[in-house]
Every structure is written in structure tokens, then in C-alpha cells.
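Keep in mind that what you see is a predicted model, and the values were worked out from it rather than measured. No hydrogens, no waters, no symmetry mates; every other heavy atom, side chains included, goes into these values.
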Amino acid sequence: MLTMPPGALQGQRSAGPPKVVGEILKRGAGTAPTVVEGITSGPGRKRQQPSGAPAAAAMVLAKDMATGRGKSSGAAAGSQSPRAARPSAAISIRPKPVPPSVSRKTVATVVGGSSRKPQPSNKCRRPTSAERVKVSKSEPESNDSPTELNSPDSDAYWLVHNEGFSPVQYTRKKTSDGSSKVLVKVFGGKEYNVDEESLEKMNPVKMQLTEDLSQLNYLNESSILNVIRSRYTSNLIHSYAGPTMLVVNPGSPLNLYTDKVMHMVKNLHKINKQPPPHVYAMAQSVYMAAVTTRRDQSLIPMGCQASGKSTSCKHLLQYLVQTAVSPNKVVTLEKIEAMWTVLEAFGNAATANNPNATRSVHLYSIDLDQGGQIASMSIQMHFYDKWRLIDHPPNEFSFHVFYYLLAGIENIPALRKELYLDQINDDLKGVDKSQAAVEFTNLQSAMMILGFSNTELKAIYAVLAAIIHLSHTKIVKKDSIFKDKVQWTWSNSDAAKRAAKCLGAGNSDDLFSLVFPDVEIFVECDIGDQLNALIVGLYTETFNLVASIINRKLAPSIHSLCSIIIPDYPGYIVKSKSALTMFDFWTNYLHERLLSSYHNYAVVAPLEKYKIEKVETAASYEAEFCAEDHMLKLFIGAKGAVGFGRSPSMVDLKPEPCPGLLRILDDTAGDTNSNDQDLIEKIQNISNDKSFLNILKNGNKPNEFTLVHFRETIPITYNINGWINMCRDGMAKTAIALLHDSSNIDISTVFSKNRGAGLTSTLAIVDGTQSLRRMSSIRRATFGSLSTAATLKRKLTSVQIRFAVDGLVETLRRTGQHFIHCFIAQHEAGFTNRTDVAATRVFNSMYKLQSITLSPNSNKPNPEPVDIPLLRQQMRGADILPTIRFYKQGFPISMFIAEFIRKFAAFLPTNLKTDDSNNTIKDHRQCVSEIMSKADIDESLYKIGINQVSKILFINILYIF
């Protein structure tokens, strides 16, 4: 295997004479080593500015993306990404001065820790006591301007503290009291005593807008945060970060996603130039990887709530649809926009942090044919926040579609009267009725574009109206002449009657007898939970129907070669005022699984490749990176957390001393005699394990517990009230039978015809879609190997969701993975001035529109548009700094030795070739060494691996010239 570092061999393809081979190999080399199946290159040379048309095109793109205020500089070649193979289009824009992260007063009040001399090396370090660093209180506070930090006898450093970081000058002097602290100059040359461990080396000012964070001279947390902040304030919200990309939610609409930018990215790719960091550039890389390797690819956005994951998915889909144009017009941009409108209405809800929060988990699959064009597209539904239908916090709402329907149907009096919605008057509090009516019109137009017939629309509206009516009634006890027998009835018989008529189930008594045929069995259990389960079952089948009709329109029976899969799912909550629900518990489990997948992609897989090829690297994080994931072990047990060879859903079924939280939830819900108190007691027993002391803690209330998620950075508290009953979903079949046997012909016909869209099962199965047929095999293999006891537990909601999460992660693992990390700059990023989002306009009475530069408690401008502690917390939780360091110190770029020799065989001497007409190569390793020697590339900048798979010494081609 030839391996090279990031940035190596970044040059244009040359059609010149043989003597240019050295220039081809040396041009544009980066700062870290490269891998050709057998070869690796290291730090390279500075990239030259392009001239002519490419430079002009790049400048136009930069102006479009940064509104004329940003700078883009050399990006490193990425691991396993086609973008790494193409030279960057350098963009020179005047750098913006680095603003101090915090005020002088903040610096003057921070305290220092232990002593250790700062090392200006490339190694990045996660500060430990730096979070507690303070300057000595005896030193006076300075009000002077900052001094120059480039004097010959001093170095520029970042002083890290709780509020962020500040530029200081390290004087290399000892303190007067002889302590272990050092003296630094902050603002005006005043000296302060600080702990050396709190200092991190500062990069040159010219690198503060660099496009790829792995190209920084000094990799440390403060330098990365400073680059992200500088780019963000220049409206450059995208950054390459070694093997991944970072996107910071701008909080307001930016002119970054226009057709002009899209065409510019395409044109730069055609001339073999790497575009500046952008989601379009990432989509282009993934598309080229799918076309060239003919292997399924996945693009996985990760981040917290309101960080822009769903928006990134939308832009990725738009780019792919316009790049790989569907020849039969099955998938068009108009249909994508319509699909997005429908899914947002049925799967999104207004929460405390985001008026348009995604509350469902699904996959988008774009299927490509042999020519690289889109053959079909499909949606794979997994699970959603169905408990929101029953109850939600006072400052939050249910799914958008209910409010759209109630407001919009006022303009259709006949349908409103038919569905008895004219008797509902108090369900639109906090909603802008006029805007909601507009969105209902848009929803109807979108559904017509996607092929919804009038019969299907009427059936869907009827079920939604029935759910609204059922939410206005409950099951209560009624007086009975029999003292030893309990009788039940509707608390609001009128609402029950309206619901029965909408569903075609006769009157209220008929509906009661259909739903509860044997009412005596509910004497000892809460019959109200059964009514809630019925409501959930009705909406689940409706959501199934919507997804099935969309797939019917976008997924014809056409053979496809490979697929590009993009998951969309809710983000985790960084800070919550109240304890979270069970749905948040499951989504955070999904985030932990995806974080482990990213860790495997960025660290474990490259390490295994280095070991197999016997390539020695400077990467020294093997022990830390391969350490046991305690959070994953806490979720799925010790056995399930070992490797990825088997699904945790299967491994965890076997008895073990520490089964994990998910197994405990399954067992407790499966025991009809257990309740929520039994669950919290079992969870508290697990907390006694020493390995879980830092990540599992008791809550402030008896029914709460706290998990410290994402590398022990974000504590999240859960309230378990009602979890056991939520897991016992026993009314799904009743809801299905009620719809199929309805006297309403529209309902019975539509729901019987379109059965099986995915939400009530583990994975969606759509006939005629190649990618989903491949995915469905995972489900059959998983369920087919289960024991009888596990099969009986499949009725539990917790088991179904667990299989759904494991199936989704397994589906993504089998593809070529690419990650996008989405961050928020402020806690209020979810409800800032995003008037381009429909939900923000509909729920504007609950979300005050405010600029991202304004403090939520003041009308005065906020001097810091980026909350550094918040951004630091997200970066640490995503392992950004360690993976960038590992990427830079390793050899992430590789290619076949045979392919390398084929490209440059013309430059080999004749003594290395045979005398036959085919010019067969005698010694591949010697040939590679000869070519690199002629190119005058130092031997330390590349490594030649040893292949153990084939007679020819190569493994994978990851670098494309």
C-alpha cells in the first residue's frame, strides 16, 4: 500500500512530457503525510494561487458564499473522499482581525492550575485544568490596548478559561514568588501569573480563515475555535475538518445555496479543482464516490437540535437531484420540495428550542443507475415521537399538520362540517391562523404534486379529524347498579360520537365496543392508556400511508446500481430546563451509536489499515481511541458493546451480569406486574458499577436519572414517568382493524391498499426499490435469528424502536460513510430570525423573532456572536479535535500500487520492465520507490505498505489524481 499524508500529491493532471513527473508529484503537497497502496507522503509545500479562469471562478464562488468578506485557503486532502484528490481553488481575501474572545475583566478574574511548559508542537491537547485557569487577583486590571505578540523574545499563545480564550504573550519569565506559574502579557503589556497548562500555541493570523482545520500549524482547541469563529463572523459557515466537515447554523438566511453556487461547484469539479467547503462540495464528493466505486454511500449529518441537520439534508438532496438528473423525470426538484413540505407537516413539531424541530427518524435513499443518473428515490421510516400526540410540555405543540388542518379547513366549509371540525374552537392557541391556513394550502398543493388522490386526501383528513376529537375525551368510570363490577364510559360523549362518525365506526357506543370488546379486563389497569395507544396507532397508520404514497410516486420498479443514503433524525438537546422524555432517550441512543460509527470511521478503520500494511505513523492515540466506550456499554451491556460484528439487539438477549439500560427497559416492560418504580430502582442499581460513576447519576427527583452523554460533556436528565406503559403498545392491531373495517369506503379502501409503510415495523419495505430491498434483508436476518423469548417481546414498543435504531446504524455501516457535523453558535439559534421557515411564521407568538446578534434578555447588541463555551462543548462531544490530529499525523490518503504505477509507468527505466510486449512490471515496490525518487520526494513523506490479500501489492484506491 502506498500511503501519503493529507495534502500530499495535490496537483493538476498534466498532459505534458515525461519530465514533468516530479512536478506532478510535488505540486501542492500539504503538511501531513499520503498513502498509495504501499506509499505515504508527508508535509508538502505551499499551494500556489491559481490563475486565469479557475481563479476567477473561485473568486465569484467566494463572493456568493461569503458575501464578499471571507477568505478560503488551502484545504487538505480528505480521507476516503474524492475531494482529497483534487487541488483546491485558492481564494485570497483580506483577513479580518481576530477579536478577543472575552473581555479584559474576564481575563483578570480567572485562576491557574498546575505548571507545565507549553510545547509549540503539532500535537493537540484537550485542556484539563485549563477550564479553571485564573489570573492572580493581586495583579491590577489593565485598560490599555493589546500589545504586539510577535516580539523576538516571546511567543503568542491562547489563554484558556471558562469563558473561552484570549490572546496573550508568553514572556518565558519566572514568577517573583518562585511558584510554578508563568508570566504572560495580556492587554497593554501587563503581566499576570497563570498556569502553563492553560496556554495553547497560537497560529499565524493569516491562518485564521483557513478552509481545512487540519492545515493549522498548531492543532489545539483554541486555535480551532478561533478559526470557526472567524469564518462564522465572515459568513463562512462551512469548514473542512480532516475526515469530516463542520457547519455552524447561521441563525438567519444567507445567500449560500443558490443555483449560481451550485453550478460553480460543478464547474470547479469539471476542471479538477476542489471547491471551498460547502455542503454542495460534500454532496459532489459522495456522488463521485458512488459513481466510481459503484458502492452504496451515506452522508450522515450529526449535531444538536436546531443545528441545521435537516436543512443540510435538504440542500444535499437538492444538489444531488440537479446533478444526477433523472432521465425519466421520476425525481425532480419540484417533487423533492413537495416531499419535504409533506414530511415536515406530519413529522415536525414546535418545541422549546426549535419551532420546526424534526421529531421522526427516517432515511432518504437516492438510487443511481449504470449511467450515474437517478433511477428512483425512496423514504424509509423508522420511528417518531408518537407520545407527543398524547401529552407535551405547555410551551410546545403537537405535529404541524393538526394546526394546519384546523386553520386551513375554515376556507372549506363543506369539508369542515363533514369532519365536525366546526365544533373545535380552542385548539389554535399560540398559532397564527392566517399563516397556518397558508401552510395548509401549500400542504395540499404538495400532496397533489406527489400523486395523492382526492380519495386519499379525504381519508387522511378524516383520520386526523378523528384524532382531534378523541383528544377531547377520556375514558372514565360510571355509576353502576352492580357494586362488584366497574363500568366505563366516555367523559365527552359528543366528541366520541364525532370521532366515531369520522372513522366510520357508527356511534360512540359502537366505537367503544370496537375498541374495548372485553371491558372487564381493564378493571385492574388504566384504560386511559389504551385510549392513548389507539390514538397513537391511528396516527402511525396515517403516517405510514403518507410515506407509502410518496414512495409510490418516487420509487418505480427500476433496477439501480447503487444508492446514496441520507438519514434525518432529531438532534440532541444541549441544555433543557426540564427533564426529557423517552423519545429523547431513544434519539440520544441513536446519537451515541452514530458517534461510535464516526469513531470507527475516523480512527479504528485507519488504525487497522496501518497495522495490516505495517505502516508506522506518528499517531499516538491508539490506546485512547480504542478504549472502551462506557456509554455504549451502559446502553446495551458489556457483550453488545464489543465490536460491530453482531447486532447489539441480538447479543444483548443473552443473560449477563450487567445487561444495560435497554435490556432493563425491555424486561421491566415485559413484566406485567412491574411499574415505573421498579425501573428506576434497577437503573439505580447499575449506577453502583465503578465504570459508570461518571456517566450515570441519580436525578434531583425520585423518578429521574441523569446520563452524561457524548464523551462525558453533556449531562441530560430523564423523567421516567409513564415509560413502562409507553412501552406496552397493545392497540396497534386494533387501530389497523378499525381502519380496514370502517364503513367509510374511502378509509377502508385507502388504508387496506397501502399497508406497510414502515413505522409499525422495524424497517420500511417498499416494493420496487432496490436500496430498500437490500435494507430489508437486514431486518429478515435479524428477526430470523431471534429466540422464542425475544420474538414474544417484539410487541413491546421499546424492542421495536431498539431494532429500528440498530437496523439503521447497520444499514449505514455497510455503506461508504461520510459525516457532516452541525453546530449552533448560540443557545437561541433555533428560534432566531428565520422567517424563511414556515413553522417560525405559524408559531411566532411563542417564539419572539430576534436577531442572532441580540441577547435574549436585552436589546443591546451582543459583542460575541459565537458562544465559545457552547461551541467548545459540542466539539468535545463530537471528538473533533482528536480526530483531526489523528488525521494529520496519519496517512489517510491511499491508492493501489498497481494504479500508481499504471499512471507513471512511462517514467520507469527499462530495467524495471520485462521484455515482453505487455511491459509487465517486475518489482512493484522498487518501481514506486524509483518514481518517488525521481520526483525528489523525501522518503519520510510516504510509506510503502505490505499487501497480504493478493499477489499484487495493493489494497484500496482512496486517492484519485
Side-chain angles (χ1 to χ4, degrees), residues 257 279-280 282-284 286-287 289-290 296-303 308-326 330-348 358-368 373-384 446 449-450 543-544 546-556 558 560 562-571 590 594 757-759 763-766 768-776 778 804 807-809 811-812 814-820 822:
Y257 305 102
V279 292
Y280 289 164
M282 181 67 78
Q284 179 67 41
V286 174
Y287 171 72
D296 290 348
Q297 304 292 321
S298 60
L299 239 171
I300 308 172
M302 300 178 64
K309 297 186 306 303
S310 298
T311 303
S312 297
C313 290
K314 184 177 181 179
H315 294 311
L316 291 169
L317 290 174
Q318 290 174 342
Y319 183 86
L320 292 173
V321 169
Q322 292 194 333
T323 299
V325 181
S326 177
V330 172
V331 181
T332 62
L333 189 59
E334 182 185 32
K335 293 180 181 178
I336 293 296
E337 294 287 349
M339 175 197 69
W340 205 267
T341 300
V342 174
L343 292 180
E344 278 192 350
F346 283 87
N348 288 23
T358 302
R359 305 305 291 171
S360 61
V361 179
H362 46 270
L363 296 180
Y364 300 104
S365 176
I366 296 181
D367 306 320
L368 304 178
Q373 295 181 311
I374 296 178
S376 63
M377 180 179 173
S378 50
I379 309 168
Q380 188 182 43
M381 308 303 299
H382 285 253
F383 62 97
Y384 72 107
I449 293 174
L450 294 172
F543 208 165
N544 280 338
V546 171
S548 178
I549 296 175
I550 294 176
N551 284 330
R552 181 186 66 192
K553 186 69 174 180
L554 300 178
I558 299 177
S560 62
C562 59
S563 302
I564 298 177
I565 302 171
I566 303 175
D568 188 18
Y569 53 97
L590 173 59
L594 291 178
L759 286 173
L763 297 177
I765 304 174
V766 182
T769 306
Q770 298 295 322
S771 63
L772 294 187
R773 281 205 294 268
R774 289 194 294 270
M775 296 175 188
S776 64
I778 300 174
L808 184 149
V809 175
T811 297
L812 297 175
R814 298 186 179 188
T815 65
Q817 295 179 326
H818 309 263
F819 292 85
I820 298 178
C822 303

Search all heavy atoms of [X] against all heavy atoms of [Y] and return the closest pair with its distance.
{"X": "Q284", "Y": "T323", "value": "OE1-CG2, 4.0 Å"}
{"X": "V279", "Y": "S312", "value": "CG1-OG, 4.4 Å"}
{"X": "S365", "Y": "D367", "value": "OG-OD1, 3.2 Å"}
{"X": "A555", "Y": "M377", "value": "CB-O, 3.3 Å"}
{"X": "K553", "Y": "V330", "value": "O-CG1, 3.9 Å"}
{"X": "L333", "Y": "V321", "value": "N-CG1, 3.7 Å"}

Consider only side-chain N and O atoms of S378 and N551, and report whether a donor and an acceptor are under 3.5 Å apart. no

Under 3.5 Å, is there a donor on one side chain and an acceptor on the other for S298 and D296? no

Distance check, rounded to the nearest 0.5 Å: [X] atom [atom1] versus [Y] atom [atom2]?
{"X": "E344", "Y": "M339", "atom1": "CD", "atom2": "CE", "answer": "10.0 Å"}
{"X": "L316", "Y": "L299", "atom1": "CG", "atom2": "CG", "answer": "5.0 Å"}
{"X": "D568", "Y": "Y364", "atom1": "CG", "atom2": "OH", "answer": "5.0 Å"}
{"X": "Y569", "Y": "S310", "atom1": "OH", "atom2": "OG", "answer": "9.5 Å"}
{"X": "M302", "Y": "I820", "atom1": "CE", "atom2": "CD1", "answer": "11.5 Å"}
{"X": "H818", "Y": "L812", "atom1": "NE2", "atom2": "CG", "answer": "11.5 Å"}

[Y] side chain reached by [X] side chain, heavy atoms, under 4.5 Å:
{"X": "V361", "Y": "L590", "result": "yes"}
{"X": "Y257", "Y": "T311", "result": "no"}
{"X": "C313", "Y": "P567", "result": "no"}
{"X": "R552", "Y": "I549", "result": "yes"}
{"X": "T358", "Y": "Y384", "result": "no"}

Decide side-chain contact (heavy atoms from CB on, under 4.5 Å) for I550 and V342; before the verdict, give the C-alpha distance in whole Å, the side-chain angles of both, and the deciding distance to 0.1 Å. CA-CA 9 Å; I550 294 176; V342 174; 4.1 Å; yes

Indicate yes or no for a side-chain donor-acceptor contact from H382 to the backbone of A804 under 3.5 Å, with no hydrogens or angles considered. yes

For the side chain of S548 and the backbone of N544, is there at least one donor-acceptor N/O pair under 3.5 Å apart? no

Start with the C-alpha gap between L368 and I374, add the side-chain angles, then the distance that decides, and say whether side-chain contact (heavy atoms from CB on, under 4.5 Å) holds. CA-CA 5 Å; L368 304 178; I374 296 178; 4.0 Å; yes

How are the rings of H315 and Y280 set relative to one another: parallel (under 30°), tilted (30 to 60°) or perpendicular (over 60°)? perpendicular

